[in-house]
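Counting starts at 1 for both ligands and their atoms, in listed order. Values reported hereafter were calculated over all heavy atoms of this structure, with side chains retained and with hydrogens, waters and symmetry mates removed. A quick note: this is a predicted structure, and the numbers were derived from the prediction, not measured.
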Amino acid sequence: MVSLTCYGGVNEIGGNKILLEDGKCRLLFDFGMSFKTAFKYFDEFMQPRPLNGLGDWFELGLLPQVKGIYRQDYRGQMGLAEEPLDCQGVFLSHAHADHASYVHHLRPDLPIYGTPATLKIMESVQETAANTPLELTVFKKNFEFVPNKKGDGVRRIKGEERETPRVLRQLKGKVEVGDFEVEPVPVNHSLHGASGFIVDTPAGKVAYTGDLRFHGYGGHLTENFVKRAKGAKWLIMEGTRIDSEGTMKEEEVCSQITDMVGDCKKIVLVNWPLRDTDRLWSVYNAAKKNDRKLVISTKQAYLLDKLAEIGADVPSTNDERIRIFLTRKSWGLLGREGIPPELLAGDYKGWELQYLEHKNVVTYKDLQGSPSEYVLRCDFFDMTELIDIRPPEGSRYIHSVVEPFSDEMFIDREKVDNWLKHFGLYPGITTHCSGHAPGPDLRRIAKEIAPEHLIPVHTEHPEMFKGLAENVAFPEVGKKMVL
Ligand SMILES: [Zn+2]
Ligand SMILES: [Zn+2]
């Protein structure tokens with residue numbers, strides 16, 4: 001008997017955790033964070049207690065109680081004995097937090113399947129995290145006492161002895177796991193490496209869209225996914241924007257940014273999602289058409305270098321059009337006279353050091369000196385840099401991100417606005433399009449794939465899927481659906 005259970009992404013946008021099993025084999029599709037549930041109880045500074053292992057997470061329904069998938073160091077904190085691995089793999093559709101970030105809680109021997117780009121993005125997220133990194137690609141054991149090297153007694157486990165690389169499996173084509181054959185089929189969804197899945201099961205073909213849209217620089221990929229998924233018996237489909245008719249496309253965003261940059265005589269500051277490589281191309285092309293350099297952060301440069309390792313189509317950090325913004329950190333020694341490189345290096349973390357001597361580096365002094373030559377990526381966390389840069393009158397700020405829709409987002413936006421007012425950049429200009437297909441596209445997908453059963457996930461409006469297939473099955477959290 002093949003069955004499917006949704007442990008997240010039910011009546012909410014994101015948090016997808018879908019278990020497919022047949023008695024012999026159990027596979028997870030995505031294991032992401034539910035922002036809505038998490039923010040119901042917690043915020044940035046008030047988080048579940050690590051000391052309670054998975055306990056706080058289970059208590060509030062942030063993680064499902066599924067056997068054989070979780071890390072034993074956390075289970076041990078709850079007094080739970082070791083258990084055997086009981087899942088043959090988690091297949092990630094893409095590297096967004098609402099699909100991938102709860103991998104942190106999984107045991108290190110549970111294989112993680114993702115496209116090469118998805119795994120590279122996760123590696124870069126873990127390595128460049130500002131605070132406590134999520135253990136997405138390298139597991140770090142906690143809560144264990146180990147014998148002291150000298151003398152008697154024990155001490156807490158620390159440093160590299162905590163580390164075990166997770167079992168990462170690059171998805172480059174079909175894989176057979178148990179009775180299932182899983183094929184990743186690339187789709188466009190704004191960041192690199194996104195894919196849907198087509199799974200051959202003993203109960204027929206199951207297709208899972210992940211998150212997708214039809215425009216952007218890989219829009220044709222999504223068309224191909226729809227073709228390939230035709231005739232699926234079961235279709236698990238995202239519905240983020242089922243209630244929206246919006247048709248703004250990435251190509252239009254690019255042309256708007258190009259015009260906005262053309263109208264500006266001084267520095268142009270643009271905020272766009274850090275890992276949205278389609279938007280990066282749009283801003284890159286806008287800078288190019290206006291003969292400006294595009295200045296990115298070291299974090300973004302690191303991501304591009306990681307993606308370049310697998311031959312992804314992203315601008316090179318050595319590109320003549322790209323500049324890397326080296327900011328003052330820690331003791332603020334950058335730009336100070338007579339500081340030898342080895343002392344300057346002390347201001348930066350390991351992953352960042354490679355950029356100190358990079359040929360494309362710029363500092364606030366360069367941006368101050370010739371503001372009209374640059375387009376700079378600048379999000380909320382970069383706002384303090386404006387104190388060093390001092391954007392002159394005639395500079396411009398572009399919001400190329402989703403408009404706020406939750407309380408937390410409105411609060412953050414107000415802070416951004418205060419910074420913009422302080423520097424005479426308020427209110428800025430907005431141009432953005434979504435990484436998710438709108439209602440008309442979603443209805444077309446359902447019609448073309450024509451599944452026997454349609455399961456809407458990743459949506460606050462599952463009821464709007466009624467009538468889009470012969471049968472529409474509304475998932476309930478933790479309730480098995482027999483295929
Ligand atoms: Zn999502
Ligand atoms: Zn996504």
Parallel, tilted or perpendicular, as decided by the 30° and 60° cut-offs, for the rings of H189 and H96: perpendicular
Check: T115/T118 side-chain N/O donor and acceptor closer than 3.5 Å: yes
W57 ring center within less than 6.0 Å of Y102 ring center: yes
Pairs of donor and acceptor atoms involving the side chains of residues 464-477, under 3.5 Å and at least two apart or interchain, shall be tabulated with distances.
{"residue": "N471", "atom": "ND2", "partner": "E452", "partner atom": "O", "Å": "3.0"}

Residue and atom, protein N/O/S, under 2.8 Å of the Zn ion (ligand 1): D98 OD2, H99 NE2, D211 OD2, H458 NE2
Least distance between heavy atoms, Q77 atom then L51 atom: NE2-O, 2.8 Å
Cationic tip of R444 above F214 ring, under 6.0 Å, 45° of axis: yes
